[in-house]
Amino acid sequence: MAEQDAATRRDGSPFGSMGRRTVLKGLGALGAGAVAAPLLAACGSSKPKSTSNSSAPAGTSGAPGGAASTPAAGGGSATFGSNYSDPAPKQAFAALTDAATAATGVNISINTVDHNTFQNNINSYLQGTPNDMFTWFAGYRLQTFAKTGLLRQIDDVWDSVGSNFGDAAQSLSKGQDGHYYLVPIYNYPWVIFYNKSTFDKNGYQIPTTWDDMISLCKQMQKDGLIPFALAQKDGWPALGTFDILNMRINGYDYHMQLMQHQVPWTDAGVTAVFNQWAELIPYCQTGAPGRIWQDASKTLEQKKAGMLFQGTNQVAAQYVTDKADLNDLDFFVYPEINSAYGQDYMDAPTDGFCIAAKAKNVDPAVKVLEYIGTPAAAEAYLKYDQWDVAVANGANIPTYNAVQTKSVQVIQACKAVAQFMDRDSDGAFADNIVSAAIDSFLTNTSASNIKSIQSSLEAQAKSVFSG
């Protein structure tokens with residue numbers, strides 16, 4: 001997530017004149033201080049850097065190996081808008097588009113834009129002169145743009161690729177009108193990461209209940225470790241903690257109802273989430289609102305922290321980027337809090353690709369997405385991606401490491417998976433309003449501040465969801 005332009009939502013649509021830090025200032029007055037998985041954040045980079053626009057034909061896009069693909073004849077040309085701006089996913093995307101060119105004959109020009117800048121400007125981008133295809137997310141964020149007519153229906157693509165995906169993937173790729181708008185490529189779980197060497201050295205055991213985890217946190221503090229690394233300057237990482245606590249305490253259905261404001265933010269179930277979280281705060285890295293997630297990950301890499309709750313799409317990718325010891329990295333699913341729900345749910349976001357309603361080269365774009373919806377495409381992408389896992393059935397990924405293999409297993413073990421708060425709810429509400437509320441909470445966990453935060457969230461939710 002990125003800090004917002006004063007008159008812009010994260011998805012680019014009007015949001016009055018209230019940016020995230022404006023909301024935060026207002027809240028400050030409230031209180032002192034190898035098989036496909038069944039599916040499904042979040043964002044994946046820090047505050048926006050300067051926008052980096054680069055276009056390159058797929059055959060020369062810099063995919064590993066150095067050799068340009070030899071495209072089939074007569075495929076035409078298409079453009080691809082990409083938010084895969086960080087080095088590792090950019091490399092994997094280049095390999096995917098090279099493979100697509102080789103398979104379809106379509107020459108693909110890539111326009112890469114910083115991850116957060118891309119998302120902040122997506123609405124104006126789609127209303128202006130967009131690329132033919134673009135990278136995007138499954139779930140509510142997809143449905144929003146489908147509903148407003150900014151995406152092309154791709155039922156024709158799904159006539160070709162539908163058998164490659166299970167029911168969950170198909171559902172996540174549809175708009176509220178029942179038509180398809182996205183071809184998914186990968187997903188990844190939000191889990192608690194740790195270094196095996198740290199746990200082995202100190203004799204730590206994997207906690208399976210909340211009480212076990214709090215006991216472990218206390219022991220880590222005695223051993224001179226920060227129990228949980230934590231960052232929130234990006235605005236979105238701590239949303240994941242709210243999500244998992246809500247699903248652990250109140251269940252998946254309640255969580256999804258809250259995301260759509262079918263349950264009020266003043267509900268006792270929400271109070272329970274904040275109260276539970278308050279118990280954990282003394283064991284979290286201080287100063288989170290001023291820290292980007294990459295620095296929290298480095299705290300874990302450097303073994304100054306014992307654990308970090310975040311997505312493999314971020315933590316494992318950061319280990320790769322930093323050339324840290326990926327073999328030392330492991331994870332476990334968030335412990336049980338309410339036995340009625342156990343460890344049945346998690347955030348597991350799914351990313352994929354769409355065709356813009358204003359696409360100029362529709363037929364070539366359809367060909368490309370028909371290829372991307374195959375197991376072979378997932379294999380091409382994941383050959384250079386050591387953190388995500390394939391969504392397509394039958395994808396054979398011999399390069400999966402231990403983190404990826406385990407990711408498939410834990411997602412498949414879930415009874416249901418969420419997409420992450422800013423994908424399951426109104427994006428601006430999550431990124432601007434809830435994020436600012438959480439910043440306030442992280443600095444003041446008192447009961448009075450929690451009550452004030454809930455009241456403010458409910459008042460603003462009524463405004464956001466009344467339209």
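Note that these values count all heavy atoms, side chains included, but never hydrogens, waters or copies made by symmetry. Here the structure is a predicted model, which means the values were calculated and not measured.
For T97 (side chain) and A94 (main-chain N/O), a donor-acceptor pair under 3.5 Å exists by modelled atom type. A donor-acceptor pair under 3.5 Å is absent between the side-chain atoms of N83 and the main chain of H115, judged by distance alone. D132 contributes a side-chain N or O that, together with a main-chain N or O of T79, makes up a donor-acceptor pair within less than 3.5 Å. Checking side-chain atoms of E379 against main-chain N and O of N396 turns up a donor-acceptor pair under 3.5 Å. At least one donor-acceptor pair closer than 3.5 Å links the side chain of D243 to the backbone N or O of M421. The main-chain N or O of F420 is found under 3.5 Å from a side-chain atom of D347 such that the two form a donor-acceptor pair. Listed for the T144 side chain is a donor-acceptor partner under 3.5 Å among the backbone atoms of Y140. Side-chain atoms of T299 come within 3.5 Å of backbone atoms of D295 as a donor-acceptor pair (strictly under, hydrogens ignored).
Between F274 and F242 there is a side-chain heavy-atom pair separated by less than 4.5 Å. Counting only heavy atoms from C-beta outward, the side chains of Y204 and Y194 never approach each other to under 4.5 Å. Put simply, the side chain of L230 reaches to within 4.5 Å of the side chain of L442, judged on heavy atoms. Using a 4.5 Å heavy-atom threshold, the side chains of N401 and Q404 count as touching.
Taking the six-membered ring for Trp and thresholds of 30 and 60 degrees, Y345 and Y252 have ring planes inclined between 30 and 60 degrees apart. Classification of the F465-F429 ring pair by plane angle, with boundaries at 30° and 60°, yields perpendicular. Y186 and Y381 have parallel rings, their planes meeting at less than 30° on a 0 to 90° scale where 60° marks the start of perpendicular.
Note that CZ of R141 and CZ of R423 are 8.0 Å apart. Values are rounded to the nearest 0.5 Å. Rounded to the nearest 0.5 Å, atoms CG (L142) and CG (L151) are 6.0 Å apart. To the nearest 0.5 Å, atom CG of residue N123 and atom CG of residue L150 are 6.0 Å apart. Here the CE-CG distance, from M307 to L300, works out to 10.0 Å after rounding to the nearest 0.5 Å. The CD atom of Q232 sits 11.0 Å away from atom OG1 of T443, with the distance rounded to the nearest 0.5 Å. I453 contributes atom CD1, which lies 14.5 Å from atom CD of E458 (distance to the nearest 0.5 angstrom).
In this structure, I292 and D234 approach most closely via the heavy-atom pair CA-OD2, 3.3 Å. Across all non-hydrogen atoms, the minimal contact from A378 to A390 is CB-CB, 3.9 Å. The minimum heavy-atom distance between S407 and V389, with the atom names listed, is CB-CG1, 3.9 Å. When all heavy atoms of A100 and V368 are compared, the closest pair comes out as CB-CG1, 4.2 Å. Of all non-hydrogen atoms in Q310 and P237, the two that sit nearest each other are OE1-CB, 4.2 Å.
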field: CA sep, side-chain torsions, deciding dist, call: Y254, V270, side-chain contact (heavy atoms from CB on, under 4.5 Å)
entry: CA-CA 10 Å; Y254 179 98; V270 179; 3.7 Å; yes
field: F137 vs L182, side-chain contact (heavy atoms from CB on, under 4.5 Å): CA-CA, chis, key distance, verdict
entry: CA-CA 8 Å; F137 316 122; L182 176 116; over 6 Å; no
- request: Could you check F309 against Y334 for ring-ring contact (aromatic ring centres under 6.0 Å, His included), going step by step and ending with a plain yes or no?
  value: CA-CA 8 Å; F309 178 67; Y334 212 89; 5.2 Å; yes
field: side-chain contact (heavy atoms from CB on, under 4.5 Å) evaluation trace for M256 with Q262
entry: CA-CA 8 Å; M256 297 306 291; Q262 295 168 3; over 6 Å; no
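Across D325, L326, N327, a single residue satisfies side chain to side chain contact (heavy atoms under 4.5 Å, CB included) together with L329, and that is L326. Tested against W136, the residues F353, Y84, Y181, F145 include a single ring-ring contact (aromatic ring centres under 6.0 Å, His included) partner, F145. When the options T271, D267, T266, N449 are evaluated for a side chain to side chain donor-acceptor pair (under 3.5 Å) with Q454, the one that passes is T271.
Around the NZ atom of K298, the shell of radius 6.0 Å holds more than 12 heavy atoms that belong to other residues, nucleotides or ligands. The local environment of NZ in K406 is crowded, with over 12 non-hydrogen atoms from other residues, nucleotides or ligands closer than 6.0 Å. The environment of NZ in K304 is sparse: at most 12 heavy-atom neighbours from other residues, nucleotides or ligands sit within 6.0 Å.
Remark: the Y341 side chain and the N250 side chain contain no N/O donor-acceptor pair separated by less than 3.5 Å. Between the side chains of T209 and D212, at least one donor N or O sits under 3.5 Å from an acceptor N or O. Checking Q314 against S297 by side-chain atom types alone, no donor-acceptor pair falls below 3.5 Å. If you check the side chains of S446 and N444, you find a donor sitting under 3.5 Å from an acceptor. Inspection of the N195 and Y319 side chains reveals an N or O donor paired with an N or O acceptor under 3.5 Å.
Taking 4.0 Å as the cut-off between side-chain N and carboxylate O, D328 and K303 count as a salt-bridged pair.
Ring-centre distance between F331 and W387: not below the 6.0 Å cut-off.
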